[in-house]
Number of protein chains: 2
Amino acid sequence: MPDLTPSSRAERRRSTERRILDAARGLFAERGYERTTIRAVATSAGVDPALVMQYFGNKQELFRRSVHTPLDRSADGLETPADLLLATLGVKLAGLPETSLAMLRSMLTHPEAAEAVRAGLNTQIDEIAEAVAGEDARLRAALTVMLMVGVTIGHQLLDIEALRDASPERIAAVLRPAVQALIEP
Amino acid sequence: MPDLTPSSRAERRRSTERRILDAARGLFAERGYERTTIRAVATSAGVDPALVMQYFGNKQELFRRSVHTPLDRSADGLETPADLLLATLGVKLAGLPETSLAMLRSMLTHPEAAEAVRAGLNTQIDEIAEAVAGEDARLRAALTVMLMVGVTIGHQLLDIEALRDASPERIAAVLRPAVQALIEP
DNA sequence: CAATTCACTCTACAGATGTTGAGCGATTCC
DNA sequence: GGAATCGCTCAACATCTGTAGAGTGAATTG
């Protein structure tokens with residue numbers, strides 16, 4: 001059912017590598033790091049488990065590569081002039097990229113995911129803090145970011161009804177005054 | 001080093017059961033469900049792994065019992081008249097009970113923990129929604145709750161610097177206007 | 001004090017997991 | 001067209017996991 005052309009060796013390699021990464025990313029996002037097995041990834045990619053190892057060496061590295069976002073600046077290191085936060089939240093609620101879902105899902109139980117998320121969030125916090133005046137700038141930025149994270153978790157990972165039933169626009173609208181209260185002392 | 005009195009059989013039983021539960025709770029809170037092994041719990045409690053099984057039947061049940069909060073109403077089913085939210089947040093930031101930490105830690109990767117947390121949060125949301133007027137009551141309540149969860153995760157589980165360095169009072173103070181903006185349309 | 005109960009440990013098993021090395025067969029190179 | 005390359009699979013490993021059953025010795029009971 002995929003492409004019928006066996007194509008060249010190099011192409012095939014890239015193709016299956018991508019299939020493995022896609023499968024891994026999906027499973028990491030859905031189940032988190034520990035519950036995702038090499039075998040499950042291999043099966044989902046239609047490949048032998050040993051091949052996964054050959055390609056990525058170990059599970060850790062597979063996770064890193066799955067979760068790596070090449071140039072997608074909007075994914076995690078967003079460009080946030082204080083109020084566009086809500087726009088990017090809209091994006092997040094509409095459907096966070098699987099790389100981010102995978103890291104969010106694993107961040108509480110997998111040390112490396114935790115570190116990656118921590119680093120990403122701290123970057124965001126610093127960026128936002130610059131746009132905020134006052135002594136509490138970093139604190140306010142951090143609280144704003146964790147508000148976004150909390151809402152995202154409730155919506156995307158925990159599937160809280162009250163959030164699932166609301167449109168991203170409505171959520172953003174309700175959230176706006178709260179965000180303003182946080183970043184505009 | 002513990003009590004030297006071997007005491008009665010019944011006492012000893014309760015005592016070691018509590019030791020096991022304490023050990024389990026601590027490990028679940030620290031590592032989450034999957035990374036916590038029966039053997040680690042047993043070792044930490046100074047007991048044979050088989051005894052843990054004998055006492056609790058299986059890991060799932062051990063988790064349930066570890067995480068069960070007997071009468072601690074302030075833990076998760078808080079009594080929230082809309083503004084006392086911040087007071088209870090203060091409690092959370094000062095040090096969430098380990099039962100809650102264990103569930104929070106595991107909620108993204110362990111289905112049963114997810115369900116328990118979802119149920120607890122929905123209860124909170126309902127309680128808060130009653131105190132909020134307007135069409136968006138439940139949505140506003142949900143966003144408020146997820147704000148709290150987000151901040152708690154950042155502070156307790158991810159150890160975000162900007163939050164770690166701030167006192168609970170300061171956090172509550174900065175948060176107040178935002179919460180008001182959410183629950184007072 | 002003899003019999004029994006019972007908290008507790010030892011040993012072991014079955015299954016899953018990450019990981020490895022040998023090998024096969026088609027593609028590529030000269 | 002023969003040799004080398006290389007994507008890929010097979011079979012197997014060592015380890016760790018949750019879990020079960022038999023047994024032991026001290027507390028309890030009559």
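Proteins come first, then strands; the chains are lettered A, B, ... in the order of their sequence lines, and each starts at number 1. Not measured: the values here are computed from a predicted model.
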Please check the phosphate of [N] (OP1 and OP2 only) for any side-chain N or O of [X] closer than 4.0 Å.
{"X": "A:Thr16", "N": "D:dC8", "answer": "yes"}
{"X": "A:Tyr55", "N": "D:dC8", "answer": "yes"}
{"X": "B:Arg13", "N": "C:dA7", "answer": "yes"}

Search all heavy atoms of A:Ala116 against all heavy atoms of A:Met103 and return the closest pair with its distance.
CB-SD, 3.6 Å

Nearest heavy atoms of A:Arg140 and A:Ala181, plus distance in Å:
NH1-O, 3.6 Å

To the nearest angstrom, how far is A:Arg14 atom CZ from D:dC8 atom C1'?
18 Å

Find the distance B:Arg19:CZ to C:dC8:C1' and express it as a whole number of Å.
11 Å

Test B:Leu108 against A:Thr109 for side-chain contact (heavy atoms from CB on, under 4.5 Å), laying out the working first.
CA-CA 9 Å; B:Leu108 298 185; A:Thr109 45; over 6 Å; no

Could you encode protein contacts along nucleotides 9-19 of chain C as a string, one character per nucleotide from 5' to 3', using B for base contact, S for sugar-phosphate-only contact and - for no contact, with a heavy-atom cut-off of under 4.0 Å?
BB-B----BBB

For a 4.5 angstrom cut-off between non-hydrogen side-chain atoms, does A:Arg64 reach A:Glu61?
yes

A side-chain contact here means heavy atoms from C-beta on lying under 4.5 Å apart; do A:Leu143 and A:Met146 qualify?
no

A:Arg13 charged N/C atom sitting above A:Tyr55 aromatic ring, 6.0 Å / 45°:
yes

Between B:His110 and B:Tyr33, what is the ring plane arrangement, given parallel below 30°, perpendicular above 60°, and tilted in between?
parallel

Full working for side-chain contact (heavy atoms from CB on, under 4.5 Å) between A:Leu62 and A:Phe28
CA-CA 10 Å; A:Leu62 173 64; A:Phe28 282 134; 4.3 Å; yes

Protein and nucleotides 28-30 of chain C: nitrogen or oxygen contacts under 3.5 angstrom:
{"from": "C:dT28", "atom 1": "OP1", "to": "A:Arg9", "atom 2": "N", "distance (Å)": "2.9"}

